[in-house]
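Here the structure is a predicted model, which means the values were calculated and not measured. Numbers here are sequence positions counted from 1.
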Amino acid sequence: MVEIFIIGVIILGLFFYSGRIDSGKFVADNKDLFNLLKESDYEFLLYAKYGDRVIDPDAVFMKRIRNGVLVSILCIFVFISKLSFLNVIISVIIGFLVFKSQYMELKRFYKNHLNEVDSLLPYYLKGLEVLVQHYTVPVALARSIEDAPEVFKPGLKAMVAKIESGDSSVQPYMDFAAMYPVRDSVRMMRLLYRLGLGEQEKKHDQLIAFSKSVSSLQQKAREQKYKNRLSKMESMTMAMLVCTGGGGMLILLVSMFMLLASV
């Protein structure tokens, strides 16, 4: 059974190598199967790093799949002189690690820029608040896209397109919150939706409530930024103390050894 599996992989690899099987078409034809491997936050992380430059997240994901499959097949060819079931497993694992490498890199980027990404939403909403005072919520959203942070532009365009197509439910707003699962995004999108539903005479009171929520988010973002800056300063201070203390101890030890050597 193992031998049949290995022979099948070799034959498949030869077909890929000779071009008889188009790797891109192979991945596209099995898109639904490969989508089971897609991480739930992959598109958000992709937009968080590249913003509006991401035209087709599915195409980027399928490229990850294709690279992983091709690397696995290449590794099998490397092991072909001493091929065994263990080597096939190792090849598959290497291919899987190549597939996961971009996702892990995106996770590291988001972790390093977490507070920066989180702080973008309240400041974007603050600008949107000014537009809502003069326009309806859908029109304000459409007008806000040009000046919105790059990371939010794809989600805003998708949300506005759904609203303009006739979807008057809360779903476009929830889809945006799901695409950008940052702090309080779901709650703020619900408030924005309700603001759009409100009667004109009630709009002022709802806008005041919305403004208070945005201001609260901004305050949280400032506090978090201050805490991070304080933590960074504490780490730098501790590193300086350790280096100074270590250097002082080293100088003291060298002086003692020189004193003993001269006796």
Is there a path of hydrophobic side-chain contacts, each under 4.5 Å between heavy atoms of I/L/V/M/F/W/Y residues, joining M188 to V130?
no
Joint hydrophobic cluster, L131 plus Y193, side-chain heavy atoms closer than 4.5 Å
no
Please evaluate residues M174 and S169 with respect to the criterion side-chain contact (heavy atoms from CB on, under 4.5 Å), reporting the C-alpha separation (whole Å), side-chain torsions for both, the decisive distance (0.1 Å), and the verdict.
CA-CA 10 Å; M174 291 300 96; S169 69; over 6 Å; no
Nearest heavy-atom pair of V71 and G95: which atoms, and what distance?
CG1-CA, 4.2 Å
Which atoms form the tightest heavy-atom contact between L156 and Y124, and what is the distance?
CD2-OH, 3.2 Å
Which heavy atom of A142 sits nearest a heavy atom of E164, and at what distance?
CB-OE2, 4.5 Å
K38 vs E43, test: side-chain contact (heavy atoms from CB on, under 4.5 Å). Steps then yes/no.
CA-CA 9 Å; K38 182 185 283 189; E43 290 190 11; 3.5 Å; yes
Do the numbers put R64 on top of the ring of Y42, so that NZ or CZ is under 6.0 Å from the six-membered ring centre and no more than 45° off the axis?
yes
Check: Q171/D167 side-chain N/O donor and acceptor closer than 3.5 Å
no
Using the ring of Y135 (Phe, Tyr or Trp, six-membered ring only), decide whether R143 places NZ or CZ under 6.0 Å from its centre and within 45 degrees of its axis.
yes
Do K153 and E146 meet the salt-bridge criterion of a basic N to acidic O distance under 4.0 Å?
no
Side chain to side chain donor-acceptor pair (under 3.5 Å) involving Q133 - partner list, sequence neighbours excluded
none
Hey, is CZ on R187 packed in by over 12 heavy atoms from elsewhere, all under 6.0 Å?
yes
In terms of heavy-atom contacts, Y103 and L45 come closest through CE1-CD1, 3.5 Å
Can you see which heavy atom on L195 is nearest to which on L207, and at what distance?
CD1-N, 3.8 Å
Is there a salt bridge (charged side-chain N to carboxylate O under 4.0 Å, His left out) between K107 and E39? Walk through the geometry before answering.
CA-CA 11 Å; K107 289 282 282 187; E39 302 84 359; over 6 Å; no
Look at the rings of F152 and F176 and say which category their plane angle falls in: under 30° parallel, 30 to 60° tilted, over 60° perpendicular.
tilted
Going by an N to O cut-off under 4.0 Å, is there a salt bridge joining E105 and R108?
no
Where F210 and L192 come nearest, the two heavy atoms and their spacing:
CZ-CD1, 3.9 Å
Got a second to check how far K100's NZ is from L37's CG, nearest 0.5 Å?
8.0 Å
Return yes if some donor-acceptor pair links the side-chain N/O of S211 with the main-chain N/O of I208 below 3.5 Å, else return no.
no
Starting from V139, can I reach V137 by hopping between I/L/V/M/F/W/Y residues whose side chains sit under 4.5 Å apart?
no
Value for CE (M189) from CG (D184), rounded to nearest 0.5 Å, stands at 11.0 Å
Nearest-0.5 Å distance that lies between atom CD1 in I89 and atom CD1 in I94
11.5 Å
Side-chain donor or acceptor of S72 paired with backbone N/O of S91 under 3.5 Å
yes
Can any side-chain N or O of T136 pair as donor or acceptor with the backbone N or O of V132 at less than 3.5 Å?
no
Distance, nearest 0.5 Å, that separates CG of L125 from CG of L191:
9.5 Å
Report the C-alpha distance between R190 and Y173 in whole Å, list the side-chain angles of each, state the deciding distance to 0.1 Å, and finish with yes or no for side-chain contact (heavy atoms from CB on, under 4.5 Å).
CA-CA 7 Å; R190 287 190 184 278; Y173 298 85; over 6 Å; no
Can you measure from CE (M62) to CG (N67) and round to the nearest 0.5 angstrom?
12.5 Å
Nearest 0.5 Å, please: how far is CG in L141 from CD1 in I163?
5.5 Å
